[in-house]
Amino acid sequence: EISAPLEVVACNDNDPCTIDDVQEVDCYGNICVPCSGTPIITPKPTPDPAAPICFGESATLTASDCSGTLEWYSDASGNDLVFTGDVFVTPPLTSNASYYVACNVNGCLSDLVRINVTVRDLPEPQIIGPDEFCEGESITLNLDQSYSDVIWSTGSTSTSITVDNSGTFAVTVTDNNGCTGVTTKSVNENPLPSVEISGSFAFCAGESTFIEATDGFVDYEWSNGDNT
């Protein structure tokens, strides 16, 4: 059996991402090898390093070395396209995340390149100090540690404040990563107790008398040293 000679002829495989499309036919015009071409390799883009962000913030992602359009994906397989364009601003992030970028040139997509985003926790300051104090006195409220920047609701920028009135006091701190945290503490100024002394205040020499203070207090201290 003699095989018919094959001829390589130009064709169009209707794939915009191939060039030099050819197919093989025999002398009768029968297609023996389907039309196909050499794939066009679209260069991968170069992602710019993503700056770390604070919890709840959005990251701004960019890339270079793309002569077409940048496409951004949330998955490594390229199934979830989330943005098309040069600058991708992510949704607010609460944990570390990865995104993937590809370059699309005339419908021909490059391989995907991963960009990692680091999300830093917010500082959680604590205010240390009494919850209450007596009228006419004052207390000191302290931060649990030092921070890069501190601003109290009183306007103070120190790590502690002196309080002599009831209220809720807030403090905003910034850590070394530039992340901000806020906390509050409520304190109460208790009024001084009102006490009265009753009894017989006049008596004769050589005698004694009995006086008493208003009942219901925790401690008593008389000027003569008695504590009953």
Side-chain angles (χ1 to χ4, degrees), residues 16-17 39-131 139-161 163 167-187:
C17 297
I40 297 174
I41 304 301
T42 302
K44 294 184 292 187
T46 302
D48 300 315
I53 61 173
C54 299
F55 182 96
E57 293 182 343
S58 297
T60 299
L61 306 182
T62 57
S64 58
D65 299 327
C66 176
S67 60
T69 302
L70 291 175
E71 294 185 358
W72 301 87
Y73 297 84
S74 65
D75 64 313
S77 57
N79 293 321
D80 185 21
L81 176 65
V82 293
F83 184 74
T84 299
D86 293 338
V87 181
F88 170 43
V89 178
T90 72
L93 300 176
T94 56
S95 62
N96 294 341
S98 295
Y99 288 91
Y100 303 83
V101 62
C103 182
N104 188 330
V105 179
N106 299 322
C108 303
L109 201 65
S110 72
D111 290 338
L112 275 67
V113 184
R114 184 172 67 182
I115 304 178
N116 296 321
V117 180
T118 299
V119 178
R120 290 172 169 162
D121 292 331
L122 301 181
E124 297 181 352
Q126 295 182 9
I127 299 175
I128 300 173
D131 297 326
I139 58 173
T140 299
L141 301 180
N142 296 282
L143 279 172
D144 58 323
Q145 65 182 73
S146 298
Y147 295 93
S148 296
D149 290 297
V150 175
I151 181 70
W152 292 82
S153 52
T154 62
S156 173
T157 56
S158 66
T159 57
S160 64
I161 58 172
V163 172
T168 298
F169 299 87
V171 63
T172 301
V173 303
T174 304
D175 63 16
N176 292 330
N177 295 322
C179 298
T180 299
V182 180
T183 192
T184 61
K185 183 177 180 66
S186 296
V187 298

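Bear in mind the structure is a predicted one, so any value in this text is a computation, not a measurement.
Between Leu109 and Thr42, every side-chain heavy-atom pair lies at or beyond the 4.5 Å cut-off. Between Leu61 and Val101 there is no side-chain heavy-atom pair separated by less than 4.5 Å. Side-chain atoms of Pro52 and Asn177, non-hydrogen and from C-beta on, never get closer than 4.5 Å to each other. Using a 4.5 Å heavy-atom cutoff, the side chains of Ser95 and Val119 are not in contact.
Nearest heavy atoms, Pro130 versus Val187: O-CG1, 3.5 Å. Across all non-hydrogen atoms, the minimal contact from Leu112 to Ala102 is CD1-CB, 4.0 Å. Closest of all the heavy-atom pairs between Pro45 and Asp111 is CD-O, 4.4 Å. Contact between Leu70 and Ala63 at its shortest, heavy atoms only, is CD1-O, 3.7 Å.
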Would you tabulate the side-chain donor-acceptor contacts of residues 72-86 under 3.5 Å, counting partners in other chains and residues two or more places apart, or write 'none'?
{"unit_1": "Trp72", "atom_1": "NE1", "unit_2": "Gly85", "atom_2": "O", "d": "2.8"}
{"unit_1": "Tyr73", "atom_1": "OH", "unit_2": "Glu71", "atom_2": "OE1", "d": "2.4"}
{"unit_1": "Ser74", "atom_1": "OG", "unit_2": "Asp80", "atom_2": "OD2", "d": "2.5"}
{"unit_1": "Asp75", "atom_1": "OD1", "unit_2": "Asn79", "atom_2": "N", "d": "3.2"}
{"unit_1": "Asp75", "atom_1": "OD1", "unit_2": "Asp80", "atom_2": "N", "d": "2.8"}
{"unit_1": "Asp75", "atom_1": "OD2", "unit_2": "Ser77", "atom_2": "OG", "d": "2.6"}
{"unit_1": "Asp75", "atom_1": "OD2", "unit_2": "Gly78", "atom_2": "N", "d": "3.4"}
{"unit_1": "Asp75", "atom_1": "OD2", "unit_2": "Asn79", "atom_2": "N", "d": "2.9"}
{"unit_1": "Ser77", "atom_1": "OG", "unit_2": "Asn79", "atom_2": "ND2", "d": "2.8"}

Distance-only criterion, 3.5 Å: show the donor-acceptor pairs between side-chain atoms of residues 149-157 and protein atoms not counting sequence neighbours.
{"unit_1": "Trp152", "atom_1": "NE1", "unit_2": "Ser158", "atom_2": "O", "d": "2.8"}
{"unit_1": "Ser153", "atom_1": "OG", "unit_2": "Ala170", "atom_2": "N", "d": "3.1"}
{"unit_1": "Ser153", "atom_1": "OG", "unit_2": "Ala170", "atom_2": "O", "d": "3.4"}
{"unit_1": "Thr154", "atom_1": "OG1", "unit_2": "Ser156", "atom_2": "N", "d": "3.4"}
{"unit_1": "Ser156", "atom_1": "OG", "unit_2": "Ser158", "atom_2": "N", "d": "3.3"}
{"unit_1": "Ser156", "atom_1": "OG", "unit_2": "Ser158", "atom_2": "OG", "d": "3.1"}

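Listed by first and then second residue, the disulfide (SG to SG under 2.5 Å) pairs involving residues 44-86 are Cys54-Cys179, Cys66-Cys103 (not counting sequence neighbours). For residues 112-131, the set of pairs meeting the salt bridge (Lys or Arg N to Asp or Glu O under 4.0 Å) definition, not counting sequence neighbours, comprises Asp131-Lys185. Applying the side-chain hydrogen bond (donor to acceptor under 3.5 Å, both in side chains) rule to pairs touching residues 43-64 yields Thr46-Asp65, Asp48-Thr62, sequence neighbours excluded. Pairs of residues two or more places apart, or lying in two chains, that qualify as ring-ring contact (aromatic ring centres under 6.0 Å, His included) and include a residue from residues 89-126 are Phe88-Tyr99.
When the shell of 6.0 Å around CD of Gln126 is examined, it contains 12 or fewer heavy atoms from other residues, nucleotides or ligands.
When the options Ile127, Val182, Leu141 are evaluated for a side-chain contact (heavy atoms from CB on, under 4.5 Å) with Val171, the one that passes is Ile127.
Interatomic distance, Thr140 OG1 to Ile161 CD1, rounded to the nearest 0.5 Å: 9.0 Å. One finds the CD1 atom of Ile41 at 9.5 Å from the SG atom of Cys17 (value rounded to the nearest 0.5 Å).
Partners of Thr118 according to the side-chain hydrogen bond (donor to acceptor under 3.5 Å, both in side chains) rule, which considers only residues two or more places apart in sequence or in another chain, do not exist here. Judged as a side-chain hydrogen bond (donor to acceptor under 3.5 Å, both in side chains), and not counting sequence neighbours, the contacts of Ser186 are Thr168. Scored by the side-chain contact (heavy atoms from CB on, under 4.5 Å) test, Ser148 finds Asn176 as partners (sequence neighbours excluded).
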